[in-house]
Visitor: 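Would you mind keeping the following structure in view while I ask a few things?
Hydrogens, waters and symmetry mates play no part in the numbers below; they use all other heavy atoms, side chains included. Fair warning: this is a prediction, and the values are worked out from it, not measured in the lab. Chain naming here is simple, since letters A, B, ... match the order of the sequence lines and numbering starts at 1 in each.
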Number of protein chains: 2
Amino acid sequence: MTLRDVADAASVSEMTVSRVLRNRGDVSDKTRERVFEAARTLGYVPNKIAGALASNRVNLVGVVIPSLSNMVFPDVLHGIGEALEGTELQPVVGTSQYDLQQEEKVIYEMLSWRPSGLIVAGLEHTDAARAMMRNACVPVVEVMDVDGDPVAAAVGISHEAAGRAMAAEIVARGYKNIGYLGSSSIADARAQKRYRGFEAGLAEAGITLADSIFYDGTSGFGTGRKMTQALLERTPTLDFLYYNTDMNAAGGLLYCMEKGMDIPNEIGLAGFNSFEVLDGLPMRIATMDSQRETIGRRAAELMVANELTDEVMRLEPEFLPGDTVRSR
Amino acid sequence: MTLRDVADAASVSEMTVSRVLRNRGDVSDKTRERVFEAARTLGYVPNKIAGALASNRVNLVGVVIPSLSNMVFPDVLHGIGEALEGTELQPVVGTSQYDLQQEEKVIYEMLSWRPSGLIVAGLEHTDAARAMMRNACVPVVEVMDVDGDPVAAAVGISHEAAGRAMAAEIVARGYKNIGYLGSSSIADARAQKRYRGFEAGLAEAGITLADSIFYDGTSGFGTGRKMTQALLERTPTLDFLYYNTDMNAAGGLLYCMEKGMDIPNEIGLAGFNSFEVLDGLPMRIATMDSQRETIGRRAAELMVANELTDEVMRLEPEFLPGDTVRSR
DNA sequence: GTGAAAGCGCTAACAT
DNA sequence: ATGTTAGCGCTTTCAC
């Protein structure tokens with residue numbers, strides 16, 4: 001089923017059909033009607049492959065993220081979707097599974113479709129991936145993180161600063177024996193940066209991290225619970241627990257409540273991300289809003305504007321004290 | 001940057017370059033090396049648009065789902081990804097936001113890229129969407145649900161039967177005053193089917209649903225908590241709460257525990273889906289595993305096999321009693 | 001307002 | 001083992 005078939009059915013040239021279906025140029029209302037009618041009855045679906053090759057235009061934006069299971073990224077995609085709504089552009093998602101080799105392949109695959117732009121999560125990539133991004137000749141934006149050296153444009157927060165800011169909040173509230181609970185995966189560069197920022201922030205206040213614990217696998221209530229139990233059994237003197245993500249913090253919160261601990265006085269907790277699904281826990285966890293929807297929206301806006309900048313857009317995460325930290 | 005450039009740089013024909021880059025046909029090791037070298041130094045990325053047009057092959061599988069925010073669908077995608085791993089095929093995701101008009105557009109858009117197959121969530125579509133799916137000339141599989149009339153192949157569970165089975169489990173455990181808590185959106189056809197099956201299952205045991213409550217918006221702990229509070233204030237005699245999803249059930253569980261209710265004796269709870277993140281709640285919620293990863297895997301296997309069947313593959317959800325129902 | 005010709009960058013099929 | 005030719009289904013450009 002090609003343009004030719006529709007053209008024959010409507011007794012016009014392929015060119016006229018093409019014009020009608022793209023609302024381009026002048027076509028008389030009568031002809032236009034005939035063409036629509038023919039296309040509809042034949043069930044014609046245009047071949048975008050041919051169209052893209054001929055016009056050298058592909059209205060797709062490639063989006064490369066580590067995973068869809070981590071709720072952070074669906075939220076970024078939501079922001080992207082919002083900004084692209086009403087434009088010609090459509091997002092196409094690929095996942096790297098937190099593996100830079102895999103990410104390189106996905107970027108290669110995406111660029112081979114000649115998209116109108118590329119959004120990639122993070123600043124850590126293989127050299128080959130960076131080279132491809134640099135030579136893409138379309139807007140490329142790295143999102144989530146601004147602690148590093150972007151290939152071109154970047155939109156995100158400083159995770160190092162977020163960790164540091166959280167340390168300041170905790171110290172200001174009088175907590176002293178502080179533990180960190182996070183992922184052992186070095187692939188989660190952003191969590192690592194928060195961890196380092198956190199340690200640095202504590203150090204500025206003359207405090208050393210009392211203990212820390214790391215997990216393999218996925219975050220979740222069970223993971224948070226187990227880590228918390230293990231850490232508190234090892235170091236019962238802790239009066240604050242800082243988690244790499246709210247999902248783990250929620251598990252820790254439930255554990256501490258079950259044990260009858262007095263939150264936030266005996267022990268305080270904080271996480272990261274500000275996940276809406278967790279509203280409704282017995283207490284609201286102290287956290288920082290990672291601005292992920294805004295990040296997606298801003299990145300997509302650069303695609304729409306077709307901007308080939310290397311501007312770095314730093315957003316500020318917002319501290320949300322919730323109920324699990326003492327007031328200052 | 002085209003094949004031509006690489007061919008010139010390596011002093012061979014475009015055809016030879018094409019063969020090398022696709023590992024096709026016989027090329028001498030010497031030539032092969034020269035070509036790779038040229039491609040690499042030039043940073044050549046093949047143009048899949050042109051390749052697809054010429055070969056009439058697109059190694060993409062379109063996947064149309066309602067949303068990425070509902071954790072059900074990332075899990076389906078995970079199953080699809082697993083089955084496609086190691087094949088030529090790549091998934092491309094589009095979302096309909098639970099809107100059939102939007103779904104129709106997404107399907108149209110996907111088909112216009114001439115994918116090797118199409119996976120669509122649900123059995124409810126516009127007539128135009130059904131027509132496109134029927135005429136696609138590639139494997140089309142509807143997933144999640146088998147209660148209805150599939151266009152072609154289908155892989156899923158019977159949500160009607162799932163609701164009915166849950167009713168049987170609850171009745172067998174001696175609960176009598178049963179409430180349902182779900183979504184008011186008629187767009188969530190599968191939850192509606194569970195609801196109807198549940199009512200029918202209770203009716204078979206001579207029981208009428210004592211009360212029910214519906215929410216707008218997204219599921220989550222807060223939603224589950226509020227619905228539960230409202231329902232129990234209205235009908236304090238309820239001894240069982242059946243939720244449309246585990247996320248809401250979790251909110252309900254936390255509410256009931258806070259109120260000091262004796263679970264599962266004074267009141268029982270059950271949800272649907274079996275979300276792994278929720279392992280770690282104070283009690284494991286009774287639920288049914290919606291088999292979503294298996295569904296994704298099976299559907300993708302049909303794509304790999306390039307099967308144009310209209311087979312309906314019905315999977316059986318597994319009942320998981322957890323800690324929130326009495327033992328039988 | 002409509003049509004004819006050329007060609008986008010590849011690959012299939014057929015040489016050699 | 002390598003090259004040549006034709007053409008995939010559209011859009012661009014130019015002609016009428």
Visitor: For the pair made of CZ in Arg4(A) and C1' in dG7(D), what is the distance, rounded to whole Å?
Guide: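 Going from Arg4(A) (CZ) to dG7(D) (C1'), I get 16 Å.
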Visitor: Under 4.0 Å between a side-chain N or O of Ser13(A) and OP1 or OP2 of dA4(C)?
Guide: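 Checking dA4(C) against Ser13(A), no side-chain N or O comes under 4.0 Å of OP1 or OP2.
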Visitor: Give one of base, sugar-phosphate or nothing for Asn56(A), where a contact means two heavy atoms less than 4.0 Å apart.
Guide: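 Nothing, no nucleic acid heavy atom in range.
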Visitor: Between Val120(A) and Ile107(A), is a side-chain contact (heavy atoms from CB on, under 4.5 Å) present by the stated rule, with each step listed?
Guide: CA-CA 8 Å; Val120(A) 184; Ile107(A) 290 173; 4.3 Å; yes
Visitor: For Ser18(B) and dT11(C), is the shortest distance between a side-chain N/O and OP1 or OP2 below 4.0 Å?
Guide: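 For Ser18(B), the contact criterion (side-chain N or O under 4.0 Å from OP1 or OP2 of dT11(C)) is met.
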Visitor: So, is Thr31(B) close to the dA1(D) phosphate, meaning a side-chain N or O under 4.0 Å from OP1 or OP2?
Guide: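 The answer is no; no side-chain N or O of Thr31(B) sits under 4.0 Å from OP1 or OP2.
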Visitor: Within the pair Arg34(A) and dG1(C), is there a side-chain N or O less than 4.0 Å away from OP1 or OP2?
Guide: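 False: Arg34(A) side-chain N/O out of range (4.0 Å or more) of dG1(C) OP1/OP2.
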Visitor: Would one find a side-chain N or O of Ser55(B) under 4.0 angstrom from OP1 or OP2 of dT11(C)?
Guide: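 For dT11(C), OP1/OP2 do not have a side-chain N/O of Ser55(B) under 4.0 Å.
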Visitor: Under 4.0 Å between a side-chain N or O of Tyr44(B) and OP1 or OP2 of dG9(C)?
Guide: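 Tyr44(B) to dG9(C) OP1/OP2: no side-chain N or O under 4.0 Å.
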Visitor: Please pick, from dT12(D), dC10(D), dG9(D), the nucleotide with the shortest atom-to-atom distance to any side-chain atom of Leu53(A).
Guide: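 Among dT12(D), dC10(D), dG9(D), the one nearest the side chain of Leu53(A) is dG9(D).
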Visitor: Looking at dG1(C), I'd like to know if its phosphate oxygens (OP1 or OP2) sit under 4.0 Å from a side-chain N or O belonging to Arg32(A).
Guide: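 No, Arg32(A) has no side-chain N/O under 4.0 Å of OP1/OP2 on dG1(C).
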Visitor: Please report, rounded to the nearest Å, how far the P atom of dG9(C) is from the CD atom of Glu14(B).
Guide: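 Distance, rounded to whole Å: 10 Å.
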Visitor: Is any side-chain N or O of Thr16(B) closer than 4.0 Å to OP1 or OP2 of dG3(D)?
Guide: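 For dG3(D), OP1 or OP2 has a side-chain N or O of Thr16(B) closer than 4.0 Å.
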Visitor: Does a side-chain N or O from Arg57(B) land closer than 4.0 Å to OP1 or OP2 of dA12(C), or not?
Guide: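 Checking Arg57(B) against dA12(C): at least one side-chain N or O falls below 4.0 Å of OP1 or OP2.
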Visitor: Looking for any heavy atom pair under 4.0 Å, which part of the strands does Arg24(B) touch: base, sugar-phosphate only, or nothing?
Guide: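 Answer is nothing: Arg24(B) stays at 4.0 Å or more from every strand.
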Visitor: If you look at every strand shown and take non-hydrogen atoms under 4.0 Å, does Arg19(A) touch a base, only sugar-phosphate, or nothing?
Guide: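 It contacts base atoms.
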